[in-house]
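A short worksheet on the structure shown next.
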Amino acid sequence: MFDTLSDRLAATFKNLRGKGRLSEADIDATAREIRIALLEADVALPVVRAFIANVKERARGVEVSQALNPAQQVVKIVNEELVGILGGETRRLRFAKTAPTVIMLAGLQGAGKTTLAGKLGLWLKGQGHSPLLVACDLQRPNAVNQLSVVADRAGVAVYAPEPGNGVGDPVQVAKDSIEYARSKQYDVVVVDTAGRLGIDQELMQQAADIRDAVSPDEILFVVDAMIGQDAVNTAEAFRDGVGFDGVVLSKLDGDARGGAALSIAHVTGKQIMFASNGEKLDDFDAFHPDRMASRILDMGDLLTLIEQAEKTFSQEEAAKMASKLASSKGKDFTLDDFLSQMEQVRKMGSISKLLGMLPGMGQIKDQINNIDERDVDRAAAIIKSMTPKERAEPTIINGSRRARIAKGSGVEVSAVKNLVERFFDARKMMSKMAQGGGMPGMPGMPGMGGGPGRQKKQVKQAKGKRKSGNPMKRKAEEQAAAARREQAAQGGALGLPAQDDKNFELPDEFKKFMG
């Protein structure tokens, strides 16, 4: 959704790199480019004006003029202002002191309220709550049936005493659901209300009547992130007519320009609390303004990636795999383990989405978007076509075995050969990282290269170094070496190399990424 905005901002900041100081003309040109980028992203004009005014004021201030790298300081300012217009801090749900907590969903028809009720129910269940979904949309055809199906898929309870399709009193259903939840020990009630194709008096009155009947602890306004500026107008109408406490963005995975997401919190004064970014029930999570700003500026979203990994991978399983990789050069790590790891990654979601959360991936987003998710399935089919012995000892796979495996998995023989070679390469790299060797090219940083082997080599080279015959010069050299050792010892847990190490070089990829 934010690809166009991200590209424009990246191009703008690229022009600032290498400048020792920023002139008034540089600041004005940067502000103009950011303004165009925001307007093209369909951000509301009042929001754009306020955003640009704040950026220009701060860019002319002391924090930039005295900075070592003014360009990076401007990026930092833009990031902080983006976080500001997205709502600032993450807004959490308020739960009632006495159960049940009542959450009412409001919004136009087609915004995705019913599906979102199921997603919210599944999310609440994952947080340790016992939610009850209430069918108060009794007008839209099959709305009650849809909520029942969604609740069943999410594994949560549903209260639907009326058949819907124009039959039943939604206000009475909402009122009765509270007593039902108390009697059945449900601690959260999610009320799904009816919508309309547009704002009208009947819609507002029904929403207000349900609000008065159940006294919700949270009223969440569900808005389709793809409808642009009309989302802001609709939100303002609901705020004035019914009132709401927070916003939920649906269809955030669409290809619209995303202006609603950047405008709605600033215009209405109500924060975005949740975002739905896919069709699956688990494509839903709390909205974090700082993480969204990082994604827009192509800084990645590692915190969300880590949270998804923690949900999928068990610590015991991770420790078991790490011990296999660390022992005997990783030879205990088999193709069965490799398959298990691939399946765990697949459970985390789309590989393209996962890669998109890494910093700097915006530069290769075309390649990421072209990743064939079925490659994991093909690899799984190849591995499952092997015998247990072949999975445990891939070195025994010869030409005839490759032909048999290819026939069994429905692929070319070359695909089997490539998979086995990729497995050996991956095992070698992961084994090196597990043993402290890390990734090549980053000396002295565990997990990022320069492990014990590199350090031993450096010590061995130092032994052969000749000492000066001048006693004073030799004493100065010994003092300098002692200072370097002390500095290295104080380098912290990361074991970063001393700052005066002339041999230390960042890899070309990192140089390019850091400008």
Side-chain angles (χ1 to χ4, degrees), residues 90-107 111-140 143-164 168-195 205-223 238-239 242-248 250 270-276 281-282 284-287:
T90 304
R91 162 85 154 78
R92 305 288 182 181
L93 273 176
R94 291 190 300 257
F95 291 96
K97 293 181 180 178
T98 306
T101 299
V102 182
I103 301 172
M104 174 179 163
L105 302 181
K113 292 191 301 300
T114 303
T115 305
L116 198 130
K119 291 184 175 185
L120 180 59
L122 180 63
W123 184 85
L124 287 165
K125 183 183 175 184
Q127 300 289 316
H129 296 281
S130 178
L132 172 70
L133 308 187
V134 180
C136 288
D137 184 357
L138 304 180
Q139 291 181 313
R140 182 168 61 85
V144 175
N145 185 46
Q146 182 191 355
L147 185 67
S148 300
V149 171
V150 168
D152 183 59
R153 285 172 53 203
V156 298
V158 63
Y159 179 71
E162 299 288 354
D169 180 6
V171 179
Q172 190 61 45
V173 170
K175 191 181 294 184
D176 294 343
S177 69
I178 307 302
E179 287 303 319
Y180 179 82
R182 286 197 183 103
S183 65
K184 298 293 184 181
Q185 301 293 307
Y186 295 111
D187 66 341
V188 182
V189 174
V190 179
V191 181
D192 177 32
T193 63
Q205 189 58 51
Q206 187 182 102
D209 290 343
I210 293 174
R211 176 199 64 195
D212 297 338
V214 299
S215 301
D217 301 284
E218 295 276 16
I219 301 177
L220 302 183
F221 175 65
V222 183
V223 61
F238 264 90
R239 179 195 62 190
V242 181
F244 57 84
D245 304 299
V247 179
V248 181
S250 65
K270 304 294 183 181
Q271 285 182 269
I272 302 168
M273 293 177 60
F274 296 98
S276 170
L281 286 178
D282 54 0
F284 174 86
D285 209 346
F287 184 85

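Predicted model, so just to flag it, every value in this text is computed and none were measured. Reckoned from all heavy atoms, side chains included, excluding hydrogens, waters and symmetry mates.
Of all heavy-atom pairs between Gly118 and Val150, the closest is CA-CG1, 3.2 Å. Among all heavy-atom pairs drawn from Phe221 and Gly107, the shortest one is CE1-CA, 3.9 Å. Residues Pro170 and Cys136 come closest through the heavy atom pair CB-O, 3.3 Å. Across all non-hydrogen atoms, the minimal contact from Glu218 to Arg92 is OE2-O, 4.1 Å. Nearest heavy-atom pair, Ser250 versus Ala111, reported as atom, atom and distance to 0.1 Å: OG-O, 2.5 Å. Here the closest heavy-atom approach between residue Thr193 and residue Ala106 is recorded as OG1-CA, 3.8 Å.
With contacts defined as side-chain heavy-atom distances shorter than 4.5 Å, the pair Val191/Ile103 does not qualify. The shortest distance between side-chain heavy atoms of Gln271 and Val247 does not fall below 4.5 Å.
A salt bridge (charged side-chain N to carboxylate O under 4.0 Å, His left out) with Asp245 is found for exactly one of Arg94, Lys270, Arg91, namely Arg94. Each of Leu133, Leu132, Leu124, Val156 was checked for a side chain to side chain contact (heavy atoms under 4.5 Å, CB included) with Val188, and the lone residue meeting it is Leu124.
Judged by distance alone, the side chain of Arg239 and the main-chain N or O of Phe244 form no donor-acceptor pair under 3.5 Å. In this structure, Lys175 contributes its side chain and Val214 its backbone to no donor-acceptor pair below 3.5 Å.
Side-chain N/O atoms of Ser130 and Asp187 include no donor and acceptor closer than 3.5 Å.
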Carefully, step by step, assess Gln139 and Gln206 under the rule side chain to side chain contact (heavy atoms under 4.5 Å, CB included). CA-CA 12 Å; Gln139 291 181 313; Gln206 187 182 102; 4.1 Å; yes
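For the atom pair CZ (Arg140) and CG (Asn145), the distance works out to 10.5 Å, reported to the nearest 0.5 Å. If you take CG on Leu116 and CG on Leu281, they are separated by 10.0 Å, rounding to the nearest 0.5 Å. With rounding to the nearest 0.5 Å, the separation of CG in Asp209 from CD in Gln172 is 12.0 Å. Taking CE from Met104 and CG from Asp192, the interatomic distance works out to 10.5 Å, rounded to the nearest 0.5 Å.
Under the ring pair (Phe, Tyr, Trp, His ring centres under 6.0 Å) criterion, Tyr159 pairs with Tyr180, not counting sequence neighbours. Residues passing the side chain to side chain contact (heavy atoms under 4.5 Å, CB included) test with Asp217 are Ala96, Thr101, Val102, sequence neighbours excluded.
Less than 6.0 angstrom separates the ring centroid of Phe95 from the ring centroid of His129.
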